[in-house]
Every structure is written in structure tokens, then in C-alpha cells.
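Everything below concerns the one structure shown next.
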Protein chains: 2
Amino acid sequence: MIMNEEEEKQPKNYNTQKYRTPDGVPADIVMFTLTKRERKTVTKTLPIRELKVMLIRRRSWPFAGKWALPGGFCRESESIYDAAKRELKEETGVDGGHLEYLGVYSQPGRDPRGWIISNAFFALVEEWMLEQRQAADDAEEVGLFGIHEALEQLELAFDHREIIRDAYIKIQQKMLQTTIAKQFLPKHFTLSELYQVIQTVVPEFKEPNFIRKITSTQSRQGILEEVRDETGKKLSSNQYSQRSAQLYMFTDDVPLLSIYT
Amino acid sequence: MIMNEEEEKQPKNYNTQKYRTPDGVPADIVMFTLTKRERKTVTKTLPIRELKVMLIRRRSWPFAGKWALPGGFCRESESIYDAAKRELKEETGVDGGHLEYLGVYSQPGRDPRGWIISNAFFALVEEWMLEQRQAADDAEEVGLFGIHEALEQLELAFDHREIIRDAYIKIQQKMLQTTIAKQFLPKHFTLSELYQVIQTVVPEFKEPNFIRKITSTQSRQGILEEVRDETGKKLSSNQYSQRSAQLYMFTDDVPLLSIYT
DNA sequence: AAAATAGTGTCTCTGAGACACTATATA
DNA sequence: TATATAGTGTCTCAGAGACACTATTTT
């Protein structure tokens, strides 16, 4: 911000505490991860994937014993996004991961401690980041829950059920309309893996001709690219199947969708 | 929220003012309107439309004399959305209009008055609502500016340029991906009007076969519906053209887009 | 050979895109 | 009659959807 001298002088009679002010503005984070569990079968097969949410069991009032989103109060010297980033790092020990703003939760009475306005984020992190966290700080009870278990069976603190529900809706939208699937995949992946990741987050997604469409249609060509070696030969992998499958990677293209075209 | 007795008892030693707390959490609103100006031509023609933003000239420190978004501080007894709704009503005198959350602005130093975290909204209102406002309260200087004028030429208070830019990006996205165009149209409208509204908000939008596509394609049939009278006869209007044009209305369908299908 | 997954051939039908054409009303 | 806007005829080609088929590798 650029200001000139004149307007920068704060009037002597200006009092910031004239009105009741909030008691705190925390950032709470819905941390999603996609767990991968190898299946013990006779033949090679894709691992079972599951969308999970990380929660922390509260130890003190209010909602002691209930599960809650990780989060922390924002400080005056940082933006709310910075606070969320700091919190994410504290929980995972890692700087990376997708972190995105979700919304503000300000219903009066949502926090018995006072007038506390929460800013929610969601993060997509890798499973190992959370495991690291659990090892580092075993003073706090950390849990990884399937999204439906968290939403339907757990006793949650504050309005965190609502926040998790909103985050789930948003991640499903984003999974179909952006390329965040890449957050849950290695750099190079097969189309079956991609399909499985999409279906894990959005079970309703069904696309019988998925491979055909994604490879043959002009409009989709932009977002995926075949992986090739130095000589230009296409690379494939048979990690999860008998016949080896072509490897793909996301490009940096962000497709723009419209209902009118 | 349902709580049992036990956990609801606030510990005596709990002090909500242990830490520095924010000095206020306002809701600021980017109020968009689409002005319609009749053209004086020999033949009937569509009015010229323009996307405008309503701003208020600040009278006191800080940023006295600069243009700013309308807004007001949130009270303890209301949610931030309620505060925005209240503010919108104060400015327009009307309860209606599309009001949607935009995001939080919390960069340290953004407000010289202290630690003030703004929650931005955008609203789509009709022009007459703002005219009413201007008449009601002539103590305050109100201005309607073209979006590009506001972004590129005006001296704006706080970080309001950034907020307006973000709101502009969001309204453009929403215009293409949802049916908010209906906020800028009468209940019944012609396809030329719809096309013009879309182009006014998103100048890059070009669709030579617009009428053909929107009427002939299955996937689009869901969102628009022909207007008919009681006997089922299609209704048309020649308000803006020689030959009368079919009238349409939006259905309640919300199309779900995906980059993978 | 059987099984499992990857990927193709091929057919049908919808719809996008282009452009010239017709239709309706007004100056 | 000229003009302005609304809307259609028609052709070509891309691509969606279905389903049987082939390809590759492991058991």
C-alpha cells in the first residue's frame, strides 16, 4: 500500500477498542490424505485407496475428548493463510502440499470460549507426512478417519462436522474441475491409477470409456501428456498389472469450463 | 450444537483475553450491477450494457477522500454473512439480490486502524436498487464505476483494488460455470440478451453459433426453457428487434461440469 | 492354457462449426 | 424496397458410447 504523509497520521482521538472485538481468529485445516493399501492377491493389482481426514482429540475444555480439526490462532504479524501454512507445517513437518482456503465460520455461539471466528482451509497431503507427525508428537492423539466415518459416526467438536462436509463437497468439485488429482498421484502414473483416484474421491464418477476419451479427444489432450524417455520412446509401467500400461503426467494446463460452450 | 452439562462448564481460570485479539472483522461488499442504457437509433436495438461497481468515498481517516467498498463491522450476535446481508440492505434498501462469499483479507498492515481482518463478499444487484440508495442518503458520496475504471484509474482505499480484482475474476468464472446470468436478466429474456450479458461480464466469450448450440444440444437443454403461455404456445418478444425472438427462462438446473467427461 | 489388465477396431449417432439461406418486422 | 435481427438447412467432421476384439504378461 502506498500512502502519503497526510493521511497516514492517525488521529489522536481514534480508539480501536470502542466496540466489542472478536476473541480470536483461528485457522482450522481439513487435512485430506489418500491412503494406499496394497492388496495381497495372486496377481498384481492396484492398491486399495481411501480418502481420509486427520483429526486431533481435544484434551481440554471445550469439547474435551471430542475429535477436532487441527488449527491454531492467527497472530497479528501474519495473514490467515500464513497461519494455516504454519499450522500445516507443524502438523506434517513438511512445507509442501496443496493448501487452499475454504471459508469462514462465524455463527454466534460456535465456540463456547467466546467470539471466535474460524477460517477453514483444506489441505491435500501425502500419507507419509502424517505418519511422520504421529511419530514426532505422541503427546497428542492423532487419528486418520475415512471421510464417511468422520462425517457420520464421530463426535466432533465445535462446528467441525459442517466444515468437514463443506470441505468434502469442495474437494469433490475440485477433483472433477481441476487437476488436483495430481496431488494424490506420483509424478508419472497410469490412467487406471488416475481413474481410481478420481473414483475414490468422487464415487459417483463413472466413465466406461475413460482411457479412450482421455487419449483420443482433442479437448483433453491439453491436460495429460505421455511420459517419454530421452530418445522420445513412450514409457510404461507394469507395477500394477500384467500388461504394462502407458505412463502419463499432468501438464500445466488449467482447462476452463463453461456451461455455454 | 448439542453439549452435555459436564463439558459446558467453563473453567474459572479460562481467560479469553490472554492473547492479542483482532480489532475488528468487517464485511466488505463488491456490489456489481449491469447498467442498461438505451441507444438512440433509428431501429430497435439492444441497450448498451456495462458492468459497474458501487463505491463510497471515504470522509474520515484513514484514506479520507479515497474510494472504498461499502462495508461494516460484524457484531458478536451475528454471523459474517448476516453482517454482509445487513450491509447490503442498508446500501440498497432491498433484501434481495445475489450475495456470495468471496474470501478473507488479512495481510498485516492492510488497515492502519489496527488488526482488522476483512471478509469480502460480492453482490449482484439491479441498477434501480442503487439509485434508490443514492437518493436516500445524499450525505455520503456514492459512485458507480465501470469495472476497468475502478481497477485501473481510481485511487482506492485499503486493499480494495485487490478485492475488486478477485471479485471480478470470480464473477467471470461464475458467469461461465453457473447460471448467475439470471441475476442480470428479467425473468423472461431472449437469447441475444443472454449472450450480451455474458459478453458484458466476460468480453472474451465468443460463440458464433450461440443460438444454435443452446437450443439444439441435449446437454444445454437442461438449463434453459422456452416461455409458453397457458395454452402452451411459445412466447416471443420484439422489444429489441424487428423480427420477434423466442423468450427463454432459466430452469433450476445447476449443471455439473467436469474436465474428464 | 487360463487369467488379468491394457488397449484397439469399428459401428452408430449426436452435436460442433461454418456459411449460406429464409423469415419477420420496420424505416 | 432496403435493412436489421431471428432463426434454419445442410454439409462436414470430431467425438461419445457400446461392445467385441486383440495384445501383453503372469500364473
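Here is the naming used below: chain letters follow the sequence lines, and residue numbers restart at 1 for every chain. Bear in mind that the values here come from a model prediction, so they are computed numbers and not experimental data.
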Exercise. So do the side chains of B/Phe121 and B/Asp28 get within less than 4.5 Å of each other, counting heavy atoms only?
Worked result: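 Not touching, per the 4.5 Å side-chain cut-off.
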Exercise. In Å, rounded to the nearest 0.5 Å, how long is the span from CZ of B/Arg49 to NZ of B/Lys36?
Worked result: 5.5 Å
Problem set entry | Separation between CD of A/Gln172 and CD1 of A/Ile198, rounded to the nearest 0.5 Å |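 Spacing of CD (A/Gln172) from CD1 (A/Ile198) equals 12.5 Å.
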Expressed as a whole number of angstroms, how long is the span from [X]:[atom1] to [N]:[atom2]?
| X | N | atom1 | atom2 | value |
| --- | --- | --- | --- | --- |
| B/Lys206 | C/dG17 | NZ | P | 15 Å |
| B/Ile214 | C/dA16 | CD1 | P | 10 Å |
| A/Tyr240 | C/dA6 | OH | P | 12 Å |
| A/Glu226 | C/dG7 | CD | P | 10 Å |
| B/Phe189 | D/dT5 | CZ | P | 20 Å |
| A/Phe210 | D/dA18 | CZ | P | 16 Å |
| B/Lys44 | D/dA4 | NZ | P | 15 Å |
| A/Leu247 | C/dT5 | CG | P | 18 Å |

Can the ring centroids of [X] and [Y] be said to lie less than 6.0 angstrom from one another?
| X | Y | answer |
| --- | --- | --- |
| B/Tyr195 | A/Tyr260 | no |
| B/Phe122 | B/Tyr101 | no |
| B/His148 | B/Tyr168 | yes |

Exercise. Do B/Asp166 and B/Tyr105 have side-chain atoms, one donor and one acceptor, less than 3.5 Å apart?
Worked result: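 Yes - a donor-acceptor pair under 3.5 Å links their side chains.
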Exercise. Which is true for A/Glu207 with a 4.0 Å heavy-atom rule: it touches a base, it touches only sugar-phosphate, or it touches nothing?
Worked result: sugar-phosphate
Could you list, one pair per line, each protein nitrogen or oxygen that sits under 3.5 Å from a nitrogen or oxygen of nucleotides 22-24 of chain D, together with the distance?
unit_1: D/dA23; atom_1: N3; unit_2: A/Arg243; atom_2: NH1; d: 2.9

Among [options], which nucleotide sits nearest the side chain of [X]?
| X | options | answer |
| --- | --- | --- |
| B/Asn238 | C/dA18, D/dA18, C/dT26 | C/dT26 |
| B/Lys213 | C/dG7, C/dG17, C/dA6 | C/dG17 |
| A/Ser192 | D/dT26, D/dA6, C/dA6 | C/dA6 |

Show the distances under 3.5 angstrom between N or O atoms of the protein and N or O atoms of nucleotides 9-13 of chain D.
unit_1: D/dG9; atom_1: N7; unit_2: B/Arg212; atom_2: NH2; d: 3.1
unit_1: D/dG9; atom_1: O6; unit_2: B/Arg212; atom_2: NH1; d: 3.4
unit_1: D/dG9; atom_1: O6; unit_2: B/Arg212; atom_2: NH2; d: 3.1
unit_1: D/dT10; atom_1: O4; unit_2: B/Arg212; atom_2: NH1; d: 2.7

For this session: Salt-bridge test for B/Glu100 and B/Lys174: reply yes if a basic N is under 4.0 Å from a carboxylate O, no otherwise.
Result: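 Salt bridge present between B/Glu100 and B/Lys174.
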For this session: Show the numbers, then the answer: is there a side chain to side chain contact (heavy atoms under 4.5 Å, CB included) between A/Leu55 and A/Val142?
Result: CA-CA 6 Å; A/Leu55 298 172; A/Val142 168; over 6 Å; no
